[in-house]
Amino acid sequence: MADTKREIERKYEATDETRLPDLTKVPGVSSVRDEGVAELDAVYYDTADLRLAADSLTLRRRTGGADAGWHLKLPVSPGVRDEIGAPLTDGPPPGLIALTRSRTRAEPIVPVVRLRSVRDVRRLLDAGGEPLAEVSVDTVTAQRVGGTADGATTRWTEVEVELSDGGDPAFLDAVDKRLRKAGLRAATSESKLARALEDTAPSWKKPRRAEQTASTAGTAGDHVLAYLREQYAALVAYDPAVRRDLPDSVHQMRVATRRLRSALRTYRKVLDRAATDPVAEELKWLARELGADRDQEVLDDRLHTRVDDVPETLLLGPVRGRLRIWSVTGRQTVRDQTLAALDSPRYLDLLTTLDALLTDPPLRGAASKPAAEVLPKALLKDYGRLAHRMETALTLPHGPERDHALHNARKAAKRTRYAADAARPALGKPAKRFSQRMKAVQSVLGTHQDGVVTRETLRTLAARAHAAGETAFTWGLLYGREEAAADAGEQEIADLWKRATARKLRTDLGG
């Protein structure tokens, strides 16, 4: 796979008679350089039912111009996309296909549209001759390939303004003002592919799989399904980010997975558990696979921070070198594990099952009842489970048994918090306050569990150092510091839980 660039652009409706205004009138523009005319020929690929287009992704093979090759464009925000390029080959590059897999799954990728464009390009330059943006007038001829619309054609002209790499997006506002003053209007289609599909098959619309936001309707079923669909969209959208190894992507995909599972388990009176329990188990598997990567990342950061805090005079032996080897080896191992999971038939089957479940949900009787009646009861039941686990854990003596009990309480706190987040559109501020308290409990329990895992890793590193004939002094020092932090943390857990009383939480939810 080649490079990735952030594409920030705006499109405008035009005609064959459109003439660009004097763009040196745009603040910051010193000159306009004519780059000439290029002829572009692009074939766009998708599944037969246009799953990529449904989620605003485009995959094309283009010849002509300065950037001939394969391009996959992934939406970031309105007018902003990440464009990932690859050299010209006969078929779609496997690396790009992998980035589409959460949408396409097992469906084959086939040509769907051919676009031929005559592009008249101008470059806007500042006083130093540096490019600010590229403005092009594109005359486009589109032809459908395959399917019921095979051979259908359409033609249009548009103006496209693309910000130069590293440019200030605010500059596009200034260009926009000038173009609108000249009579141009923003394009109604988000991309050339979307325009081609709309013109050649007017009945085509994005299917339900597109991202949805929480519903404000009154029934419990409406709220739970809106939340599940929102998390499912997030799960699918973060898949290519994880494959690209983008910062925080594994964490966010894991969160979406856990939120889905928590909602399926909490709202069993809304959705039939006979259908949802098997899905929840598969989500548990996926969260575990993603968790190895995320846990390695957190542990890596924690250990490096701890080592950096040790005075140089107490860093005895090749501590940093051993930690670096452990880090690189562990990271590659869990990275391979994550990608193997995302490429597995089991994962693709899970996505297909989730899609089917949300398209035809197995609703129970409580789904038709008011959300304000059903959701608080489910939340308080989750809270009851958490309270029991917390009270049990805090009565145990310090040691592995208590550590395990606190870890189980942490999982209950997370589930309760996620359930509260799902209920927020329906219950408002009470659910928000409830979620904030659960987040605080989850946070201190999470810090405690991180300490448990860190101590286990330090013991392993100390044993390896000893076996290699190195001194284990520094590893033992770090272990002792972690134990001291754990003792202080357990007192913090007890104090926080005492403040988060059941009475107050029940008051928040009207219970």
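Values below: every heavy atom of this structure, side chains too, minus hydrogens, waters and symmetry copies. Residue numbers count from 1 along this sequence.
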Is it the case that more than 12 heavy atoms not belonging to Tyr238 sit under 6.0 Å from its OH atom? no
Does Pro376 reach the side chain of Leu427, with side-chain heavy atoms less than 4.5 Å apart? yes
Is there a side-chain contact between Leu478 and Thr454 in this structure, where contact means two heavy atoms from C-beta onward sitting under 4.5 Å apart? no
Go through the steps for Asp295 and Arg288 under the test salt bridge (Lys or Arg N to Asp or Glu O under 4.0 Å), then give the verdict. CA-CA 10 Å; Asp295 292 345; Arg288 186 170 60 247; over 6 Å; no
Sidechain-backbone polar pair: Thr266 side chain, Ala263 backbone, donor-acceptor under 3.5 Å: no
For a 4.5 angstrom cut-off between non-hydrogen side-chain atoms, does Arg402 reach Pro397? no
Lys/Arg N to Asp/Glu carboxylate O, Asp495 vs Lys498, below 4.0 Å: no
Holding to ring pair (Phe, Tyr, Trp, His ring centres under 6.0 Å), I want the full list of residues that pass it with Tyr45, two or more places apart in sequence or in another chain. Trp70
Salt bridge present between Asp248 and Arg254 (N-O < 4.0 angstrom): no
Excluding sequence neighbours, so at least two apart, what forms salt bridge (Lys or Arg N to Asp or Glu O under 4.0 Å) with Glu7? Lys73, Arg81
Tabulate below the donor-acceptor pairs under 3.5 Å that side-chain atoms of residues 363-372 make, not counting sequence neighbours, or state none.
| from | atom 1 | to | atom 2 | distance (Å) |
| --- | --- | --- | --- | --- |
| Arg364 | NH1 | Arg268 | O | 2.9 |
| Ser368 | OG | Gly365 | O | 3.0 |

Could you go through Asp165 and Arg6, starting from their C-alpha distance and side-chain angles, then the distance that decides it, and tell me whether this counts as salt bridge (Lys or Arg N to Asp or Glu O under 4.0 Å)? CA-CA 8 Å; Asp165 293 346; Arg6 178 62 53 90; over 6 Å; no
Side chain Thr392, main chain Arg389, donor-acceptor under 3.5 Å: no
In terms of heavy-atom contacts, Thr276 and Pro362 come closest through CG2-CG, 4.5 Å
Donor-acceptor pair, Ser77 side chain versus Val80 backbone, under 3.5 Å? no
Within 6.0 angstrom of Lys269 NZ, more than 12 heavy atoms from elsewhere: no
Derivation of the side chain to side chain contact (heavy atoms under 4.5 Å, CB included) call for Arg105 and Arg101: CA-CA 5 Å; Arg105 292 168 226 154; Arg101 193 160 290 135; 5.6 Å; no
Indicate whether any N or O donor in one side chain lies under 3.5 Å from an N or O acceptor in the other, for Thr352 and Asp349. no
Hey, does Thr460 have a side-chain heavy atom less than 4.5 Å from the side chain of Glu456? no
Please check: side-chain N/O of Ser191 versus main-chain N/O of Ala194, any donor-acceptor pairing under 3.5 Å? yes
I'd like to know if the side chain of Ser435 and the backbone of Ala431 have a donor-acceptor N/O pair within less than 3.5 Å. no
Side-chain donor-acceptor pair present, His304, Asp300, cut-off under 3.5 Å: yes
Go through the steps to decide whether Leu396 and Leu406 satisfy the test side chain to side chain contact (heavy atoms under 4.5 Å, CB included), and finish with yes or no. CA-CA 10 Å; Leu396 295 171; Leu406 287 172; over 6 Å; no
Ala440 versus Leu496, closest heavy-atom pair with distance: O-CD2, 3.3 Å
Determine yes or no for a side-chain-to-main-chain donor-acceptor pair under 3.5 angstrom, with Arg346 supplying the side chain and Ala341 the backbone. no
Is it true that a side-chain atom of Arg243 and a backbone atom of Leu342 form a donor plus acceptor pair closer than 3.5 Å? yes
Could you check whether any side-chain heavy atom of Leu193 comes within less than 4.5 Å of a side-chain heavy atom of Arg60, counting everything from C-beta outward? no
For Arg51, is there any backbone N or O sitting under 3.5 Å from a side-chain donor or acceptor partner on Thr47? yes
Sub-4.5 Å side-chain heavy-atom contact between Arg265 and Lys284: no
Trace of the salt bridge (Lys or Arg N to Asp or Glu O under 4.0 Å) decision for Arg320 with Glu312: CA-CA 11 Å; Arg320 295 188 188 278; Glu312 289 295 327; 3.2 Å; yes
Let me confirm one number: the OG1-CG distance from Thr104 to Asp46, rounded to the nearest 0.5 Å. 9.0 Å
Rounded at 0.5 Å granularity, tell me how far CE in Met253 sits from CG in Leu246. 12.5 Å
I'd like to know if the side chain of Arg261 reaches the main chain of Ala280, judged simply by a donor and an acceptor atom lying under 3.5 Å from each other, with no hydrogens or angles considered. yes
Within a strict 4.5 Å, meaning less than it, do heavy atoms of the Trp326 and Gln296 side chains meet? yes
Would you mind checking if Arg10 and Asp173 are paired as a salt bridge, meaning a charged N to carboxylate O distance below 4.0 Å? yes
Arg302 bridged to Glu482 by N-O distance under 4.0 Å: yes
Does atom NZ (Lys5) have a neighbourhood of more than 12 heavy atoms from anything else shown, all under 6.0 Å? yes
Is Arg331 salt-bridged to Asp245, going by a charged N under 4.0 Å from an acidic O? yes
If only atom types and distance count, is the side chain of Thr447 paired as donor or acceptor with the main-chain N or O of Gly489 below 3.5 Å? no
Can you find a side-chain donor-acceptor pair between Gln332 and Asp336 that sits under 3.5 Å? yes
Please determine whether the number of non-hydrogen atoms from other residues, nucleotides or ligands lying under 6.0 Å from atom CD of Glu401 exceeds 12. no
Stepwise side chain to side chain contact (heavy atoms under 4.5 Å, CB included) check, Tyr227 with Tyr267: CA-CA 11 Å; Tyr227 179 79; Tyr267 297 111; over 6 Å; no
Counting only heavy atoms from other residues, nucleotides and ligands, does the tally under 6.0 Å from NE2 of His404 exceed 12? no
Correct closest heavy-atom pair for Ala287 and Thr257 would be N-CG2, 3.8 Å
Any side-chain donor paired with an acceptor under 3.5 Å for His251 and Asp293? no
Look up atom CZ in Arg417 and atom CD in Gln436, then write down how far apart they are to the nearest 0.5 Å. 10.0 Å
Between the CZ atom in Arg306 and the OH atom in Tyr479, the distance rounded to the nearest 0.5 Å is 14.5 Å
Within this structure, what is the CG-CG distance for the pair Leu57 and Leu99, rounded to the nearest 0.5 Å? 9.0 Å
Within a radius of less than 6.0 Å around CG of Asp360, do more than 12 heavy atoms belonging to other residues, nucleotides or ligands occur? no
Option from Asp239, Asp55, Asp355 for which salt bridge (Lys or Arg N to Asp or Glu O under 4.0 Å) with Arg103 holds: Asp55
I'd like to check Tyr44 versus Leu59 (side-chain heavy atoms, cut-off strictly below 4.5 Å). Are they in contact? no
Between atom NZ of Lys411 and atom CG of Leu386, what is the distance when rounded to the nearest 0.5 Å? 13.0 Å
Trace of the side chain to side chain contact (heavy atoms under 4.5 Å, CB included) decision for Glu289 with Ser344: CA-CA 12 Å; Glu289 295 297 309; Ser344 68; over 6 Å; no
Using distance alone, with no hydrogens and no angle criterion, decide if Glu198 and Ser189 have a side-chain donor and acceptor under 3.5 Å apart. yes
